[in-house]
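Single-structure report; data block below.
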Amino acid sequence: MQLDCAGKFLDLSQPLVMGILNVTPDSFSDGGRFLGCDTALQHARAMVEEGAAMIDIGGESTRPGAAPVSVQQELDRVIPVIEAVRAELPVVISVDTSKPEVIRAAVAAGAGFINDVRALRAPGALDVASAAGVPVCLMHMQGEPRGMQQQPHYADVVVEVRDFLLTRAAACQAAGIPHQRIVLDPGFGFGKTVAHNLLLLKHLPILAEAGYAVLAGLSRKSLIGSVLDLPVDQRLAPSVALAVLAVWQGACIVRVHDVAATVQAVRMCAAVRAVE
Ligand code: PT1
């Protein structure tokens, strides 16, 4: 299966690695725009050399506790980076945003994939994404980043996450986005306890069997900290392990910080899966 990302094609029969490029101020020592853009481009270059098929560019931090940002702030952060990456690197650019204005400007600037942690629920987002004509990733989140880890609650997390995503996929299709252009993501760490996250990974095939491509983002997340009691800068091996498990369980795309190690690991995973 091929995914047409604004003229760049991704082969979904092999696991793909999406490299994370944060352009939020907490990922840069200085807010200087040119400096930030230059640093971001270097990081993107390295991830492409390491085998990333996509680069995910986001200007809104959505990790637990993060505060909202304005449309203008997000545009100022992501658009120059998208333009710079598109000018130099032959990679699919994903924009990590929920705002219709940012989706529109990002696709005009060269983004070929929309990654929305709010699954296009913002007013106007669905229509803008449909008009953009590029694939979309719909993610599940309970609550909003600021308070989502306070009291996550589900009767059946696996069923509820799947049903939410299938309802959003149906809304996308009603708005004119074809089935093949829709990717689903259970949203690890977004309004979930450690047990919820582990259950979602253990039962990922239930989501994968719904017939849409699946994306998983587990890299360096706090569930690793909770299980292994490791700080964020010592989570490489467990992040790679979780990426392999996600691919083994049916994910087509993994969103990661450590591209080189993850590419090697998921290629081995694919080799085992492919042998007859
Ligand atoms: C994700 C994802 C994302 N994660 C998609 N987009 C983040 N499609 C941003 C923690 O528990 O999984 N899928 N965009 C980052 N968000 C988090 C959430 C980072 C939780 C860290 C944690 O540590």
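Sequence positions, counted from 1, serve as the residue numbers for this chain. Computed from a prediction, not measured in an experiment: that's the story for all the values here. Atoms considered below: every heavy atom in the structure, side chains included; atoms not considered: hydrogens, waters and symmetry mates. Atoms within a ligand are numbered from 1 in the order they appear, just like the ligands themselves.
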Does Leu138 reach the side chain of Phe164, with side-chain heavy atoms less than 4.5 Å apart?
no
Donor-acceptor contact present, side-chain [X] to main-chain [Y], <3.5 Å:
{"X": "Arg121", "Y": "Arg118", "result": "yes"}
{"X": "Arg104", "Y": "Val128", "result": "no"}
{"X": "Glu160", "Y": "Ala155", "result": "yes"}

Please evaluate residues Arg255 and Asp96 with respect to the criterion salt bridge (Lys or Arg N to Asp or Glu O under 4.0 Å), reporting the C-alpha separation (whole Å), side-chain torsions for both, the decisive distance (0.1 Å), and the verdict.
CA-CA 11 Å; Arg255 180 183 181 277; Asp96 190 345; 3.4 Å; yes
Name the residues in contact with ligand 1, where contact means a heavy atom under 4.0 Å away: which are they?
Thr62, Arg63, Pro64, Asp96, Asn115, Val117, Cys137, Met139, Asp185, Gly189, Phe190, Leu215, Gly217, Lys221, Ser222, Arg255
Nearest 0.5 Å, what's the CG-NE2 distance between Leu21 and His257?
10.5 Å
